[in-house]
Peer 1: 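One structure, as structure tokens, below. Some questions next.
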Amino acid sequence: MAAMSLTSLRGKLFKVVDEVIRSGLPAEIERKGHRLKIALETEKSKLDNLKPHDCIVGDPDDLIALKVAEWQEPDHL
């Protein structure tokens, strides 16, 4: 959708908002040299907030064949 002035938006606000909802494309408004957008807000998954961590020391492939007896839990507490 092409950028429109705030005055133009005022006359057709409900139509513009309905079009944004229908199409999913944001509407652009231009005001005093600045561009603004009316856009749908998408819900983020809580998993999107997770940050990757490098917390495995050594070769991760060694964990696949690890046996509980080899772990020696009391020694590592």
Side-chain angles (χ1 to χ4, degrees):
M1 193 177 286
M4 64 184 83
S5 69
L6 196 55
T7 304
S8 174
L9 175 66
R10 184 182 305 138
K12 54 185 178 181
L13 178 63
F14 292 102
K15 288 180 184 178
V16 170
V17 170
D18 288 340
E19 180 64 20
V20 169
I21 291 170
R22 186 192 66 73
S23 69
L25 299 173
E28 292 185 359
I29 300 113
E30 194 166 316
R31 172 80 170 164
K32 295 183 180 180
H34 298 281
R35 284 196 173 216
L36 303 118
K37 289 185 180 181
I38 297 175
L40 285 174
E41 183 177 68
T42 57
E43 289 189 31
K44 284 184 159 182
S45 168
K46 290 180 182 180
L47 298 177
D48 290 339
N49 294 328
L50 293 177
K51 296 177 184 168
H53 291 39
D54 293 331
C55 58
I56 297 176
V57 178
D59 186 10
D61 292 333
D62 292 341
L63 296 174
I64 296 170
L66 184 66
K67 304 284 188 233
V68 176
E70 296 173 11
W71 186 25
Q72 300 169 352
E73 181 178 356
D75 296 340
H76 296 286
L77 291 178

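For clarity, every value in this text was computed on a predicted model and none was experimentally measured. Numbers here simply count residues along the sequence, with the first being 1.
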Peer 1: Determine whether Val16 and Ile21 fall in the same hydrophobic cluster, where Ile, Leu, Val, Met, Phe, Trp and Tyr are linked whenever their side-chain heavy atoms lie under 4.5 Å apart.
Peer 2: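 Yes, because Val16 and Ile21 connect within a single hydrophobic cluster, where side-chain heavy atoms sit under 4.5 Å apart.
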Peer 1: Among residues at least two apart in sequence or on other chains, which ones pass side chain to side chain contact (heavy atoms under 4.5 Å, CB included) with Asp59?
Peer 2: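 Side chain to side chain contact (heavy atoms under 4.5 Å, CB included) check on Asp59 returns Asp61, Asp62.
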Peer 1: Please round to the nearest 0.5 Å and tell me the distance separating atom CG of Leu25 and atom CD1 of Ile38.
Peer 2: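 If I round to the nearest 0.5 Å, the distance is 13.0 Å.
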Peer 1: To the closest 0.5 Å, what do you measure between NZ (Lys32) and CG (Leu6)?
Peer 2: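 The CG atom of Leu6 is 10.0 Å from NZ of Lys32, to the nearest 0.5 Å.
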Peer 1: Please report the closest heavy-atom contact between Met4 and Ser8, naming both atoms and the distance.
Peer 2: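 Looking at all heavy atoms of both residues, the shortest contact is CB-OG, 4.1 Å.
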Peer 1: With sequence neighbours left out, which residue pairs that include part of residues 39-52 fulfil the salt bridge (Lys or Arg N to Asp or Glu O under 4.0 Å) condition?
Peer 2: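 Listed by first then second residue: nothing to list.
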Peer 1: According to salt bridge (Lys or Arg N to Asp or Glu O under 4.0 Å), who are the partners of Arg10, at least two apart in sequence or on a separate chain?
Peer 2: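 Partners of Arg10 by the salt bridge (Lys or Arg N to Asp or Glu O under 4.0 Å) criterion come out as none, since no residue qualifies.
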Peer 1: How does the hydrophobic cluster around Ile64 look, that is, which other residues are in it when side-chain heavy atoms under 4.5 Å mark a link?
Peer 2: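 Once heavy-atom contacts under 4.5 Å are chained together, Ile64 still belongs with nothing else.
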Peer 1: For Leu50, give me all partners under side chain to side chain contact (heavy atoms under 4.5 Å, CB included), at least two apart in sequence or on another chain.
Peer 2: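 Only Leu47 meet the side chain to side chain contact (heavy atoms under 4.5 Å, CB included) criterion with Leu50.
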Peer 1: Using 0.5 Å steps for rounding, measure from the OG1 atom of Thr7 to the CD1 atom of Ile29.
Peer 2: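 The distance works out to 12.0 Å.
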Peer 1: Using side chain to side chain contact (heavy atoms under 4.5 Å, CB included) as the criterion, list what pairs up with Lys37, not counting sequence neighbours.
Peer 2: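 Counting only residues at least two positions away or on another chain, Lys37 forms a side chain to side chain contact (heavy atoms under 4.5 Å, CB included) with Pro26, Glu28.
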